[in-house]
Amino acid sequence: MFRFGIFIFVLTLVISVMLYSGEKKAIEKLNIADTDILVFENLNSPDAISFETTMPPLEIIKILNASIYKKQNLKNEGLEIYYCFVENINNFIVENGKKINLQISYDGNISTVGFPLILTGY
């Protein structure tokens, strides 16, 4: 039984490294400290990574060479929300036939960034 537990742990670790390798490279490009990153598991959606930064959305999009799929302006909340796709990130959702693996919410000061989505709230 102990060996089976070790096997499951190693398998989970290998899958996690494969799943998040693209996100890790993207986060490194943005110079985000590991301590600022939150990792979430949600039963209703893919695993997600999110963090906050003072970097504006268009700078993040440029650094990651992301394609913008859709932009929303939530005027009542004072937010801009970007739905994007970045090559080499394997974790994504599909909306209307388009892959989304990067979501950015911006309140004018702070960008909340999520791969593939922000699950922590804006």
Side-chain angles (χ1 to χ4, degrees):
M1 189 68 165
F2 179 71
R3 288 183 186 172
F4 182 71
I6 291 174
F7 171 76
I8 295 297
F9 173 75
V10 171
L11 183 63
T12 303
L13 185 62
V14 168
I15 290 171
S16 296
V17 168
M18 289 172 51
L19 182 63
Y20 294 120
S21 63
E23 289 92 332
K24 183 172 174 36
K25 288 178 185 174
I27 291 166
E28 287 172 356
K29 282 184 181 180
L30 296 172
N31 273 338
I32 304 299
D34 287 343
T35 55
D36 293 334
I37 298 169
L38 302 173
V39 179
F40 298 91
E41 289 186 34
N42 186 314
L43 298 177
N44 299 319
S45 65
D47 291 345
I49 297 172
S50 66
F51 58 89
E52 292 184 343
T53 178
T54 55
M55 194 178 308
L58 294 179
E59 186 175 343
I60 294 167
I61 291 165
K62 181 179 178 183
I63 289 171
L64 298 180
N65 196 27
S67 301
I68 300 172
Y69 162 61
K70 177 172 70 173
K71 178 185 173 189
Q72 281 182 305
N73 286 314
L74 304 178
K75 293 179 184 170
N76 292 344
E77 288 86 10
L79 294 173
E80 295 176 350
I81 302 176
Y82 296 81
Y83 301 85
C84 307
F85 181 76
V86 180
E87 292 290 330
N88 301 321
I89 293 180
N90 298 326
N91 195 11
F92 61 87
I93 63 159
V94 178
E95 180 186 346
N96 296 324
K98 297 284 188 177
K99 292 180 182 178
I100 298 170
N101 59 13
L102 170 65
Q103 183 182 30
I104 305 168
S105 170
Y106 186 62
D107 67 4
N109 296 309
I110 300 292
S111 291
T112 303
V113 180
F115 295 105
L117 294 174
I118 302 165
L119 298 180
T120 58
Y122 306 131

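Worth saying up front: this structure is predicted, and the values here are computed from it rather than measured.
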Check whether Ile118 and Ile110 end up in the same hydrophobic cluster, where Ile, Leu, Val, Met, Phe, Trp and Tyr are linked by side-chain heavy atoms less than 4.5 Å apart. no

Assigning hydrophobic clusters by single linkage (Ile, Leu, Val, Met, Phe, Trp, Tyr; side-chain heavy-atom cutoff under 4.5 Å), is Val113 placed with Met55? yes

Return the CD1 to CZ distance between Ile89 and Phe115, rounded to the nearest 0.5 Å. 4.5 Å

Residues forming a side-chain contact (heavy atoms from CB on, under 4.5 Å) with Lys29, sequence neighbours excluded: Ile63, Leu64

d(Ile61 CD1, Leu102 CG) to nearest 0.5 Å is 6.5 Å

By salt bridge (charged side-chain N to carboxylate O under 4.0 Å, His left out) - contacts of Glu28 (at least two apart): Lys24

Are Phe85 and Ile27 connected into the same hydrophobic cluster when the rule is that any two of I, L, V, M, F, W, Y join if their side-chain heavy atoms are below 4.5 Å apart? no

Between atom CD1 of Ile104 and atom CD1 of Ile60, what is the distance when rounded to the nearest 0.5 Å? 4.5 Å

Taking side chain to side chain donor-acceptor pair (under 3.5 Å) as the test, write out the residues that go with Tyr82, two or more places apart. Glu80

Roughly how far, to the nearest 0.5 Å, is CG of Asn101 from CG of Asn91? 8.0 Å

Geometric cation-pi criterion, Lys98 with Tyr69: 6.0 Å, 45°: no

Using side chain to side chain donor-acceptor pair (under 3.5 Å) as the criterion, list what pairs up with Glu95, not counting sequence neighbours. Lys70

Roughly how far, to the nearest 0.5 Å, is CG of Asn73 from OH of Tyr106? 13.0 Å

Distance from Ile81 atom CD1 to Ser111 atom OG, nearest 0.5 Å? 11.5 Å

Would you indicate whether the side-chain heavy atoms of Ile93 and Leu117 approach each other to under 4.5 Å? yes

